[in-house]
Amino acid sequence: MASLLNIVSVPPRISPPSHTRTLSLQARPVLPPFSLSFSRRRLSIRATETDTNEVKSQPPSTAPSKAGSSFNQLLGIKGAAQETNKWKIRLQLTKPVTWPPLVWGVVCGAAASGNFHWNFEDVAKSIVCMMMSGPFLTGYTQTLNDWYDREIDAINEPYRPIPSGAISENEVITQIWVLLLGGISLAGILDIWAGHDFPIVFYLSVGGALLSYIYSAPPLKLKQNGWIGNFALGASYISLPWWAGQALFGTLTPDIIVLTLLYSIAGLGIAIVNDFKSIEGDRALGLQSLPVAFGAETAKWICVGAIDITQLSVAGYLLGADKPLYALALLALIIPQVIFQFKYFLKDPVKYDVKYQASAQPFLVLGLLVTALATSH
């Protein structure tokens, strides 16, 4: 799907040169017990001879290029221009390029419910659900992940907003809380709007927020384990928005839960694509990503196997459910993905990761919609 976890990557940066600013990091919990007093619980992140709370918004000297794209900066992808506007930096932290998979998941869930109608109320509900899933909760997830990745980014991508000091610690923490509480509030509004006796969308949002936290934050930090972390990521980007969309307009059934969790294995494969860019940093910090644990050559085959075998299994399920036309349509969408895997990803997963994902993932997300439509009939 259009970059399931930060689909667009940045080439690995090995240890920064000696003149690069060094970071002294003290890890305290970002999310203390519920309190909106941001100033009383502060996290220390200091650059040599610099207090980040007083830092001016200046382009970091370690940026790979001063002639980057402002458009890329707003999307939060590589090739970004170095920005001094705090609101643009805040938007960059939320990585808008990662929102479309969640928005698409809501669309698939609404389609699978069989109860979505093209009237003003249903369209408005779906837009609010997309806002909850994309800008708010995905933005929360990406900002939180960047905060806990500040040490590894100091190795691989020292010019990113947090390790470079372009945005202060309190500003980052405030953003995390605002996005989290905003997303959960929208979920509660949707439950009331839909007339739910049980606030299922609210609990899905809380569960997704918790999953995002334990994925990025110690002590669990699921991302330290390549299998568990990437599956959690796949479930967050495929299953959770689908469940929210289906629960909003219909009933979330056990067979859909199982089917979408199966599809999340494909999400695991897509998440592995993004691990190749940070092998050196992961190894230095003891993160057992699959490219670190198995080596790049084996990991890239695990990646494409998870993506392809999952979709073939879903096609088999649809065929067994007496939906041959949907199964054939899904098979037709798998073929170009395999072609692009051999053309780009298997040749060089670091060099061609963007080209591969831009070429192959549209077919995967169309397959999700085919599956959703099949389950609704």
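We use all heavy atoms of the structure for the numbers below, so side chains are in, but hydrogens, waters and symmetry mates are not. Just so we're clear, the structure is a prediction, and the values are computed from it rather than from any experiment.
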Does the side chain of [X] come under 3.5 Å of the side chain of [Y] through a donor N or O and an acceptor N or O?
| X | Y | value |
| --- | --- | --- |
| E121 | W193 | yes |
| T253 | D255 | yes |
| T174 | E171 | no |
| N230 | D275 | yes |

From [atom1] ([X]) to [atom2] ([Y]), nearest 0.5 Å:
| X | Y | atom1 | atom2 | result |
| --- | --- | --- | --- | --- |
| C129 | L102 | SG | CG | 10.0 Å |
| I176 | S212 | CD1 | OG | 11.5 Å |
| L369 | L333 | CG | CG | 10.0 Å |
| W87 | I167 | CH2 | CD1 | 9.5 Å |
| I184 | L137 | CD1 | CG | 7.0 Å |
| L312 | L319 | CG | CG | 12.0 Å |

Identify the two heavy atoms, one from [X] and one from [Y], that lie closest to each other, and give their separation to 0.1 Å.
| X | Y | result |
| --- | --- | --- |
| I307 | Q341 | CG2-NE2, 4.0 Å |
| A299 | I272 | O-CG2, 4.1 Å |
| L373 | A111 | CD2-CB, 4.0 Å |
| S113 | G250 | CB-N, 3.9 Å |
| L179 | G139 | CD1-C, 3.5 Å |
| F116 | A110 | CB-O, 3.8 Å |

Q: Apply side-chain contact (heavy atoms from CB on, under 4.5 Å) to the pair I162 and E169, showing each step before the final yes or no.
A: CA-CA 8 Å; I162 296 175; E169 58 188 60; over 6 Å; no
With a cut-off of 6.0 Å (strictly less than), are more than 12 heavy atoms of other residues, nucleotides or ligands near [atom1] of [X]?
| X | atom1 | answer |
| --- | --- | --- |
| K221 | NZ | yes |
| F342 | CZ | no |
| D322 | CG | no |

Q) Who passes salt bridge (charged side-chain N to carboxylate O under 4.0 Å, His left out) against D282, sequence neighbours left out? A)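 Here no residue qualifies.
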Do [X] and [Y] have side chains that get closer than 4.5 Å, going by heavy atoms?
| X | Y | value |
| --- | --- | --- |
| Q357 | V273 | yes |
| W227 | I302 | yes |
| V178 | Y140 | no |
| L261 | W243 | yes |
| L330 | V314 | yes |
| W301 | L346 | yes |
| S313 | I309 | yes |
| W242 | I256 | yes |

Is it the case that one hydrophobic cluster holds both [X] and [Y], taking links as side-chain heavy atoms less than 4.5 Å apart, direct or via other members?
| X | Y | answer |
| --- | --- | --- |
| L210 | I173 | yes |
| Y203 | L190 | yes |
| F231 | V258 | no |
| I334 | L328 | yes |
| F198 | I192 | no |

Q | side-chain contact (heavy atoms from CB on, under 4.5 Å) between L364 and I270, worked out | A | CA-CA 10 Å; L364 186 144; I270 295 173; 3.6 Å; yes
**Q.** N-O pairing of R160 and D149 below 4.0 Å
**A.**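 Between D149 and R160 there is no salt bridge, as every charged N stays at least 4.0 Å from the carboxylate O atoms.
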Check whether [X] reaches the backbone of [Y] with its side chain - one donor and one acceptor, N or O, closer than 3.5 Å.
| X | Y | result |
| --- | --- | --- |
| T260 | I257 | yes |
| Q246 | T251 | yes |
| K223 | G229 | no |
| W99 | T94 | yes |
| Q175 | R90 | yes |
| T298 | G295 | no |
| H196 | A247 | yes |
| R150 | W147 | yes |
| D153 | P163 | no |

Q: Carefully, step by step, assess N225 and Q288 under the rule side-chain contact (heavy atoms from CB on, under 4.5 Å).
A: CA-CA 5 Å; N225 182 291; Q288 287 298 303; 5.8 Å; no
Q: Check each of N145, T138, T143, D146 against K95 using the side chain to side chain donor-acceptor pair (under 3.5 Å) test, and report the only one that passes.
A: D146
Q.
Which label fits F340 and Y344: parallel for a plane angle under 30°, tilted from 30 to 60°, or perpendicular past 60°?
A. parallel
Q. Is the gap between the ring centers of F345 and F276 under 6.0 Å?
A.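 Yes; F276 has its ring centre under 6.0 Å from that of F345.
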Q | Check against side-chain contact (heavy atoms from CB on, under 4.5 Å), L233 and Y215 | A | CA-CA 8 Å; L233 199 61; Y215 172 81; 3.8 Å; yes
